[in-house]
Trainee: 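Dropping the structure in here first, questions after.
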Amino acid sequence: MTLLKAVRGTRDLLPPETELWDRVESTARRVFARYNFGEIRTPVFEDTQLFARGVGEETDIVSKEMYTWEDRARAQSEKSQSLTLRPENTAGVVRAYIEHKLGETGLLQKLYYIGPQFRRERPQKGRYRQFWQIGAEAIGPPSAGSESPLRDAEVLEMLASFLDELGITGWTLVLNSVGSASDRPKYVAALRDALAPVKDQMSPDNQRRAETNPLRVLDSKDPADEAIIATLPKIADYLDDESKAHFAAVLAALDACGVKYEVNPRLVRGLDYYTRTTFEFTHGGLGAQNALLGGGRYDGLSEMLGGPKAPGIGFAMGLDRLILTLKTAEGASSGAPQFALADAFLAPLGEALNAPALELARELRRHGLRIELGDGTFRLRKSFEIGNKLAHNIILLGEDEQASGILTVKNFATGEQTKIPRGELAQTLKNS
RNA sequence: GCGGCUAUAGUUCAGCGGCAGAACGCCUGACUGUGGCUCAGGAUGUCGUGGGUUCGAUCCCCACUAGCCGCCCCA
């Protein structure tokens, strides 16, 4: 029989690495809560139309990377429905915002999520077909201040604080403005006009981009095309006064709180819904996938999905990539993540002591102690060997100890062995 | 989706057209209620899968699968 394996691009996360995941996630929850964000959990699959309309039919994500299937009708009266595993979470959050009429509260909705996303791409380092994102969205009616550049700056400052608190150093915040919903098409048209006469001289990749997504030409890494790219129109010249003022205000707010950034006029993002502010936090040592997180403003998304006007700004952070950078950083200093040691390994000496040992373990665990319970069939030597790997102390529960109520405890670090009355055991272990 | 590299023990990796190897880890004993250090012994395995060449393939060839790197794109 052939062995079943995790499918391509998916993987198992095992302890002790999962402790690192837990640390990152709990840090996110803690930091985001200080900014008054609340958690939202949306379904892992949605109507395919949500992504087609929200993310954009022409994007790579929608056109070739989605896991989509026809959910078959189970009754004559029922129609089959095209469903898709979510490739990102912003569309789902905005769908929920509309569906639950959160705009009617009149308040800005600040929501974060942590969960798996799915894209059918070729797996690589830092890129998986099931990957995890931590993201947040600040969305609401304009009257709630959702269009304010302060929101952009606040989200960026929150991200900087989060990365700092996690101990991630060496990141770079890169940002740009791609203009409002009306600026952007004008600019794209100008770009097409400028590219038309010169694109034949460019690399095949850029010729293709010039046709499908001219903005991407700006993002080209091809040095041969640099000269031509430098002559292309600049987005900054196509921003209307409002967009210019918005971007300036974002930068001013970042300056005021000392968050460092780089403006990159060529930063474009792949999703159709972005307007005005777009950004990335990048990090070296991630290989070709150097973007730790990306995001931006999406002032028109709600309306694209048939909802009310609800401007917003958000980001999605690649948890897999975050863990990767943490692991390489910590691997260099203190080695790979280690299992945390239990407070004590409890060794029953003989099978007859198994049941009493479980009772003692229960008592100690109720005091909050982390206890590894051995087995009465183990030879004492084996208990010591296992205990030494898993715990700080070993507790012996033999016939003598059971009869007298005085336990034998040995500390592995000091080698010191003591007799401790059962009533004092929990406190002694806690203090050690 | 395209190009390149790789796949051998639990792990990290040597190796060779002719009996499958090392280190670490694991198991047993020296030591019947005492770990680490030491010593002695032991088991590691469909050599990724399927086909081909050959007297003979873990080794050479082909295909597939998976991983890694780059491209595309993205978190």
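Bear in mind that the values here come from a model prediction, so they are computed numbers and not experimental data. These numbers come from the heavy atoms of this one structure, side chains and all, not from hydrogens, waters or symmetry mates. Letters go in sequence order (proteins before strands), and every chain restarts at 1.
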Trainee: Consider the side chain of Arg8(A), meaning its heavy atoms from C-beta on, and name the nucleotide among G67(B), C72(B), G35(B) that approaches it most closely.
Mentor: G67(B)
Trainee: Expressed as a whole number of Å, how far does the C1' atom of C19(B) sit from that of G45(B)?
Mentor: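 Their C1' atoms lie roughly 15 Å apart.
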Trainee: Sort and list the pairs that fulfil side-chain hydrogen bond (donor to acceptor under 3.5 Å, both in side chains) and have at least one residue in residues 368-378 of chain A, not counting sequence neighbours.
Mentor: Asp375(A)-Thr377(A)
Trainee: Using the C1' atom on both, measure C60(B) against G18(B) and round to a whole Å.
Mentor: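 Between the two C1' atoms, the distance is 15 Å.
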Trainee: Using OP1 and OP2 only, check whether a side-chain N or O of Arg321(A) sits under 4.0 Å from A75(B).
Mentor: no
Trainee: With the sugar-phosphate defined as primed atoms, P, OP1 and OP2, and the base as all remaining atoms, what B/S/- string results for nucleotides 23-31 of chain B, 5' to 3', for protein heavy atoms under 4.0 Å?
Mentor: ---S--SBB
Trainee: For the C1' atoms, the ones on U65(B) and on G29(B), what distance do you get once it is rounded to whole angstrom?
Mentor: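 The answer is 44 Å between these two C1' atoms.
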Trainee: Which whole number of Å gives the distance between the C1' atom of C31(B) and that of U49(B)?
Mentor: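 Their C1' atoms lie roughly 48 Å apart.
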Trainee: When you look at Phe345(A) and Phe384(A), which way does the ring-ring contact (aromatic ring centres under 6.0 Å, His included) test go after all the steps?
Mentor: CA-CA 9 Å; Phe345(A) 180 91; Phe384(A) 266 83; 8.9 Å; no
Trainee: Taking 4.0 Å as the cut-off, does a side-chain nitrogen or oxygen of Gln124(A) come that near to OP1 or OP2 on G70(B)?
Mentor: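 For Gln124(A), the contact criterion (side-chain N or O under 4.0 Å from OP1 or OP2 of G70(B)) is met.
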Trainee: At 4.0 Å (heavy atoms only), tell me whether Asp400(A) reaches a base, stays on the sugar-phosphate, or touches nothing.
Mentor: base
Trainee: For Watson-Crick and G-U wobble pairs within 3.5 Å on both distances, what is RNA chain B written in dot-bracket notation, | included for inter-strand pairing?
Mentor: (((((((..((((....[..)))).(((((.......))))).....(((((..]....))))))))))))....
Trainee: Does the ring of Phe412(A) meet both stacking tests against the six-membered base ring of G35(B): centre distance under 5.5 Å and plane angle under 30°?
Mentor: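 So no, this residue does not stack on that base, at least one cut-off failing.
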